Amino acid sequence: MEKKTFYITTPIYYPSAKLHIGHAYCTTIADTIARFKRLAGYEVFFLTGSDEHGQKIQRTAEAQNVTPIEYVDKIVASFQELWKRLEISNDDFIRTSEPRHHKVVQEVFRRIRDKGDIYKGEYTGLYCTPCESYWTELQLDENGCCPDCHRPVEKVSEEAYFFKISKYADSILKYIEDNPEFLEPKSRRNEMISFIKQGLEDLCISRTSFNWGIPVPDDEKHVIYVWFDALTNYLTPIGFLDDEEKFKKYWPADVHLVGKEIVRFHTIIWGCILMALGIELPKKVYGHGWLVISGDKMSKSKGNVVDPMLLIDEFGSDAIRYFLLREIVLGQDGNFNRDALIQRINSDLANDLGNLLHRTLNMINKFQKGVLLESVGGTEIDESLKNEAAETAREYRVLMENLQISDAVKLVWKFISRCNKYIDETAPWKLAKDETQKQNLSNVLYNLAESLRIIAILISPFIPTTSRRILEQLQLSQDIKLEDAETFGKLEINHVVGKPEQLFPRIEIE
RNA sequence: GGCGGCAUAGCUCAGUUGGCUAGAGCAAUCGGUUCAUACCCGGUGGGUCAAAAGUUCAAGUCUUUUUGCCGCCA
């Protein structure tokens, strides 16, 4: 039987500055989904990368007296370093400056031009160079400046190529309306529907004002402009031009995970490009929310940009991953602040999970010399624990399939709480003092170790390092499958567990 | 300005098609326990469900108005 495949992408990030916690958030979500799918037996392709062209990069590089590629090389290296530290399991990293990508973009341009959907025209607009954005008269701020950065805009007029998006307006509208799964969450879907209903203008897809980009085929004074260049990255690494079999295997993509600010480009523009190419549209574009910092939008001018690398240095990657996945509901904006992070680390990771593992291993070592003995019979309390374990694994799969990640995290932690309560109900330290309770003690300790084995599997997409450490302490194989979490009682009799080691230290608040 | 959304405990939020004394987690407070990372378990307090009017036997839920916040509008 052929393995099911799964292709997930993040946006390619722009190397004009260091990445902030919002980028880490998006990539962590994508990584978690990718890990879950691998755990569930899918053949996964997980792509992230960098979008390296444009006037802003060219100017910044000039200002630093380096070439654009020298400039981006350095920043992109820092992206890759961050993903490594965050345990991001991407299968490829696409850079739009790579030859393999140039080839694809030019070919896509050619095909659509040959079809007659790209034409040469004249673009006139009010341009803000730092933001690389055109604005309309209406959008400018009260001083007639850029509404984003409040610097003056320049009136620019240039020869440019246009993509006939207007031709596809009806088709893309129908597609979005007919396929509710294509664009989530629903609020974004509604916005896009009303946007298209206002009528679509053709899209300007080339520039002559700078040259750090991919040249238009046969008209090299033009470079291909931003979205037409960037979006096609999703086709490049899966063999669009050079490996038909691979391309068939992974396209259409299962999920493009994107920030809410670029949903429009990923549904309307990307959808129309693919329609023009005669290629299927991705199965889903999911627009996630933003991280706000203590209620404030993150921005350079406010000086509240959070550097994920510093957080990882201080708290470790799993703590950061856990917080992002648990605290922020996918699709909604979420609040990030240091107190809440420390709170979560202490209460969920150190107290609930870390201590559960520690006390369990400690009791197995203390009362049974580290050996798991056969479990025979069992009380109602034992049965309810086993049922809840099975129930948890089942619901977990459903929630993760539906991308309800924070709900899935909460569900697992509910089971962790159940385990702590189980210890209280069964009081193994009392059983240990009573010779006649030996069997009950063995049962309880077995059930706890088994529950922790299941927990380790279920949390592996969220906090992979911690999952590995739990399996290590339980002295179990790292080769895990989701199915293994769905059956209670897989631990072997006479299995010897390891010594407890603290998973997460509590963080003292000064 | 146009279209859309939201407003529920100190905080973050659940509340299917209107139907028992409005729930959870965290925080607060009290108690229990000792295997454990001053941890874990249990109890308690706390809400005019933004405001007003309406429909209904019955409204957090439906309608209208007001106020406040948010999103989209190349």
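Letters A, B, ... are given to chains in the order of the sequence lines, protein chains preceding strands, and every chain is numbered from 1. As the structure is a computational prediction, the values presented were derived from the model and not from experiment.
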Tabulate protein N/O versus nucleotide N/O from nucleotides 12-15 of chain B, keeping only pairs under 3.5 Å, one per line.
none

Tell me whether the rings of A/Phe265 and A/Trp227 are parallel (<30°), tilted (30 to 60°) or perpendicular (>60°). parallel

Using a heavy-atom cut-off of under 4.0 Å over every strand shown, decide if [X] touches base, sugar-phosphate, or nothing.
X        : value
A/Gly199 : base
A/Leu356 : nothing
A/Leu503 : base

Heavy-atom nearest nucleotide on RNA chain B taken for A/Trp429 and for A/Arg344; more 5' hit belongs to A/Arg344

Assess the pair A/Phe336 and A/Tyr25: is the distance between their ring centroids shorter than 6.0 Å?
no

Task: Aromatic contact, A/Tyr322 with A/Phe462 (centres under 6.0 Å) - done: no

- Decide, yes or no, whether a salt bridge links A/Glu388 with A/Lys421 under the criterion of side-chain N to carboxylate O below 4.0 Å. no

[N] OP1/OP2 closer than 4.0 Å to side-chain N/O of [X]:
X        : N     : value
A/Lys366 : B/A36 : yes
A/Arg326 : B/G25 : no
A/Gln198 : B/G2  : no

Notebook entry, point to check: Centre of A/Phe323's six-membered ring, under 6.0 Å away, within 45 degrees of the axis: is that where NZ or CZ of A/Arg344 sits?
Noted result: no

With the side chain defined as heavy atoms from C-beta on, A/Ala350 is closest, among B/C35, B/G25, B/U37, to B/U37

Find every protein N or O atom lying less than 3.5 Å from an N or O atom of nucleotides 40-43 of chain B, and list the pairs.
unit_1 : atom_1 : unit_2   : atom_2 : d
B/C40  : OP1    : A/Asp352 : OD1    : 3.1
B/C40  : O2'    : A/Arg359 : NH1    : 3.3
B/C41  : O4'    : A/Asp424 : OD2    : 3.4
B/G42  : OP1    : A/Lys421 : NZ     : 3.2

Pairs under 3.5 Å (Watson-Crick or G-U), crossing ones as [ ], inter-strand ones as |: RNA chain B comes out as (((((((..((((.....[...)))).(((((.......))))).....(((((..]....)))))))))))).

What verdict does the side chain to side chain contact (heavy atoms under 4.5 Å, CB included) test give for A/Asp348 and A/Trp413, after you've listed the backbone C-alpha separation in whole Å, the side-chain angles of each residue and the deciding distance to 0.1 Å?
CA-CA 8 Å; A/Asp348 297 7; A/Trp413 255 260; 3.6 Å; yes

Quiz question: by atom type and distance under 3.5 Å, do the side chains of A/Thr379 and A/Asp382 form a donor-acceptor pair?
yes

